[in-house]
2 protein chains.
Amino acid sequence: MSDTSNERSSGRITMVDLARLAGVSVPTVSRALRNLDSVLPETRTRIHALAAEHGFVANAAAQALRGRAARKTAIVFDFQSSGPGSTSPDAFIFELLGDVAHALTIRDFEVTLCPRENSVERYERQLTEIGASGAIFLGQGGQHEMLQALAARFPIIVWGAVLPEALYCAVGSDNFKGGQLVGEELKGRKRTSILLLGNPQTEQVRLRFEGFRASYGVGQHRMIETLPVGFSYEEAYRAVLNRIKDTPKRLDGIFAATDTLAMAAIRAVREIDLVVPDDVAVVGYNDIPQSQAFDPPLTTIREDDRRAGSLLVEKLMQIRDGVRASSVRLDVTLVRRAT
Amino acid sequence: MSDTSNERSSGRITMVDLARLAGVSVPTVSRALRNLDSVLPETRTRIHALAAEHGFVANAAAQALRGRAARKTAIVFDFQSSGPGSTSPDAFIFELLGDVAHALTIRDFEVTLCPRENSVERYERQLTEIGASGAIFLGQGGQHEMLQALAARFPIIVWGAVLPEALYCAVGSDNFKGGQLVGEELKGRKRTSILLLGNPQTEQVRLRFEGFRASYGVGQHRMIETLPVGFSYEEAYRAVLNRIKDTPKRLDGIFAATDTLAMAAIRAVREIDLVVPDDVAVVGYNDIPQSQAFDPPLTTIREDDRRAGSLLVEKLMQIRDGVRASSVRLDVTLVRRAT
DNA sequence: GTGAAAGCGCTAACAT
DNA sequence: ATGTTAGCGCTTTCAC
């Protein structure tokens, strides 16, 4: 006669199998595996041994159905747009993604990637559908209002601008101060006509530019103009080139919203035989690894530390546990290099 | 009296609730929602409307438990190591990650990030635990043998080296040919002492170097040496600097396993006042976006196309459907720029 | 300390 | 075209 209900050809063992092998009931197996002390130590050891031997893996779906709190976090960012030539996410975001994923993994959380949606409902649907117990947004992506609403209904943490009125917990560099530092720098270097490169619809960029304006000031001897571009190198390169070759109105400083954009600007500037930094000073933001290696090494804003990833995760855990989590602005410094 | 079994405070609606609201049985709701044509069109419409109205989201755990084939793919790569200063993954991998995630998302697959493990058992455990129906490895990561074994037990696709003896489906650039192209190039440019920069333990790197040796040849007038470094910019920079300043033995060409390493090499070379490419020619691999922007623009190897991401996903779908999927070597070309 | 019974939310098989 | 019944694999009562 064949075996009663054991390991199917699929190879996956269930608790029923283990129970029979151990000569105990299923609940006992369950208890033993979870180390509940209502199980005789000897029994427990035996069951653990059998489980290991047969490569038993608990069925996560069944556990979830039974109500075990999910250990699963969604990471939301804009990978959708990283098609050929489009506005791919900044390299900085990928670095951060790696850090966050790592921090979650060592806490034994599952990490799921979710694309940006365009409504609170869709976010909520998406997140509950996959059974995530929380979400980390990498950048507001201009969805501040949506995030406000979503935060009331789902545990989220946002990397990005720390806005005073935000109802959600945000972690990000002190964008305003970063902008201020750049303002002081360019003012100190006697620059009188500045181009702000980046799209202020992005909350972080807006704050950076506001900080800049605040410290740089505008008067008869100081002008500021904005060139709103996305985060794509190509787009920025073309936009800057257009700007400076079409209207030869003098421009002696550029504050780019990211290092990538700064690199694009430098290329454009050199294209028309202007010298960086003598003719045009350029300052970026983020201090991504390439910035130091870039030729010329980029002057840029660096965050206080690289613990952003684990900080985001810690905050999310707090919220998950019902604790209020406060937003954090990471301190920034200006790294003066060659541009 | 209070409502019988409806929407709990948690806010999540189940099919039971929907069924009562619609005045039908639960299976009917299930059928209607899945658009089985055994349901009266009118009923179906009504149920869909109710579902939408109440924001019903099917419980994925229950569905999975009931045996619905999982639509979930794990992406395995080395984000663990992206801690401060360590061997972070190459920028190229992140690009690819974005593409793959996108391709999976539009197919309505969930995307889960998994760290590298160090045994077949752990991989299998990890993957079945999260209930993935397949996995995409971003780079062999020196685990060719492990992948051989794993492939027999789980649907996987590997981005990386296409090895003749591989039992798994691999998609990758034609590393050997890429190396050959570099060999021809440096030979044509009369370079006589070449440094291969990169760790040949990585399968792709090994193939690139083998290709190089094959076309460059070694004789009394041509020497090759290898400097095995990881994928970290800093590490490569220091290693190259050490190599060229400690032993001033002439070196007039460098073939770097990635563009990032090439950039590091260039920085080191310039550090000791050698000129690129006059004194030392440098060729990279991958043609990442920054390579064009780099100063000097990098000579490098580019893959035939950027559809690698969707190709990986297509192949995985084939295997999932029980179809054999053949490996693919993407054609490569040498992009000659300034180095 | 352990077992028997019930049920999480859904779908497949069988009725009708 | 719809309802009834059963059960996925696990955990949580409640007995003993």
Side-chain angles (χ1 to χ4, degrees), chain A residues 4-48 50-51 54-71 125 128-131, chain B residues 4-48 50-51 54-71 128-131 133:
Chain A
T4 339
S5 98
N6 25 9
E7 332 187 5
R8 270 149 307 260
S9 49
S10 87
R12 188 157 178 178
I13 310 295
T14 75
M15 283 195 183
V16 178
D17 306 314
L18 277 182
R20 189 158 358 80
L21 289 166
V24 296
S25 73
V26 172
T28 300
V29 173
S30 172
R31 291 173 188 126
L33 257 22
R34 281 175 299 152
N35 294 316
L36 301 190
D37 34 63
S38 58
V39 184
L40 211 57
E42 183 222 290
T43 321
R44 186 192 306 180
T45 327
R46 192 157 40 94
I47 294 179
H48 268 116
L50 280 167
H54 293 263
F56 169 79
V57 182
N59 184 320
Q63 296 186 141
L65 189 56
R66 218 29 227 159
R68 191 195 56 153
R71 297 182 74 80
R125 181 173 212 300
T128 62
E129 186 167 88
I130 62 174
Chain B
T4 341
S5 98
N6 25 5
E7 329 187 3
R8 272 149 307 264
S9 47
S10 86
R12 187 154 177 179
I13 309 294
T14 73
M15 283 194 183
V16 178
D17 306 312
L18 236 40
R20 190 160 354 81
L21 289 166
V24 298
S25 73
V26 173
T28 299
V29 173
S30 172
R31 292 172 189 128
L33 258 20
R34 283 175 298 154
N35 295 316
L36 302 190
D37 35 59
S38 57
V39 183
L40 210 56
E42 185 221 289
T43 322
R44 186 191 306 180
T45 326
R46 190 156 41 94
I47 294 179
H48 268 116
L50 280 166
H54 293 264
F56 169 80
V57 182
N59 184 320
Q63 295 187 139
L65 190 55
R66 204 60 198 97
R68 190 194 57 152
R71 298 183 74 80
T128 63
E129 187 166 89
I130 62 175
S133 62

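Every chain is numbered from 1 and lettered A, B, ... according to where its sequence line falls, protein lines coming before strand lines. FYI, side chains are in, hydrogens and waters are out, and symmetry mates aren't considered; it's all heavy atoms of this structure.
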Among B/Asp37, B/Leu33, B/Leu36, find the residue that satisfies the side chain to side chain contact (heavy atoms under 4.5 Å, CB included) test when tested with B/Arg44.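 Running side chain to side chain contact (heavy atoms under 4.5 Å, CB included) over B/Asp37, B/Leu33, B/Leu36 with B/Arg44 returns exactly one hit, B/Asp37.
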
With a 4.0 Å limit, can you tell me whether B/Thr43 has a side-chain N or O closer than that to the phosphate oxygens OP1/OP2 of D/dA1?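 Checking D/dA1 against B/Thr43, no side-chain N or O comes under 4.0 Å of OP1 or OP2.
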
It should be established whether B/Thr28 places a side-chain nitrogen or oxygen under 4.0 Å from OP1 or OP2 of nucleotide D/dG3.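 For D/dG3, OP1 or OP2 has a side-chain N or O of B/Thr28 closer than 4.0 Å.
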
Please walk me through it: do A/Ile47 and A/Thr43 pass side chain to side chain contact (heavy atoms under 4.5 Å, CB included)? CA-CA 6 Å; A/Ile47 294 179; A/Thr43 321; 4.0 Å; yes

Keeping B/Ser133 on the side-chain end and B/Ala70 on the backbone end, is there a donor-acceptor pair under 3.5 Å?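 A pair under 3.5 Å: yes.
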
Please check this pair: side chain of A/Thr28 against backbone of A/Val24, looking for a donor-acceptor N/O pair closer than 3.5 Å.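 Not confirmed, A/Thr28 side chain does not pair with A/Val24 backbone.
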
Using whole Å, report how far [atom1] of [X] lies from [atom2] of [N].
X	N	atom1	atom2	value
A/Arg44	C/dT2	CZ	P	10 Å
A/Ile47	D/dC10	CD1	P	13 Å
A/Arg20	C/dG3	CZ	C1'	16 Å
A/Asn35	D/dT11	CG	C1'	15 Å
A/Asp37	C/dG1	CG	P	9 Å

Criterion side chain to side chain contact (heavy atoms under 4.5 Å, CB included) on B/His54 and B/Asp17, from CA distance to verdict: CA-CA 10 Å; B/His54 293 264; B/Asp17 306 312; over 6 Å; no

Report which part of the nucleic acid A/Ser38 touches: base, sugar-phosphate, or nothing (heavy-atom distance under 4.0 Å, all strands).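 The residue A/Ser38 makes base contact.
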
Using a cut-off of 4.0 Å on non-hydrogen atoms, how would the nucleic acid contact of B/Leu40 be classed: base, sugar-phosphate, or nothing?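 Sugar-phosphate only.
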
Contact state string [nucleotides 10-16 of chain C, B base, S sugar-phosphate only, - no protein heavy atom under 4.0 Å]: BBBB---

B/Met15 and B/Asn59: CA distance, side-chain angles, deciding distance, side chain to side chain contact (heavy atoms under 4.5 Å, CB included) verdict: CA-CA 9 Å; B/Met15 283 194 183; B/Asn59 184 320; over 6 Å; no

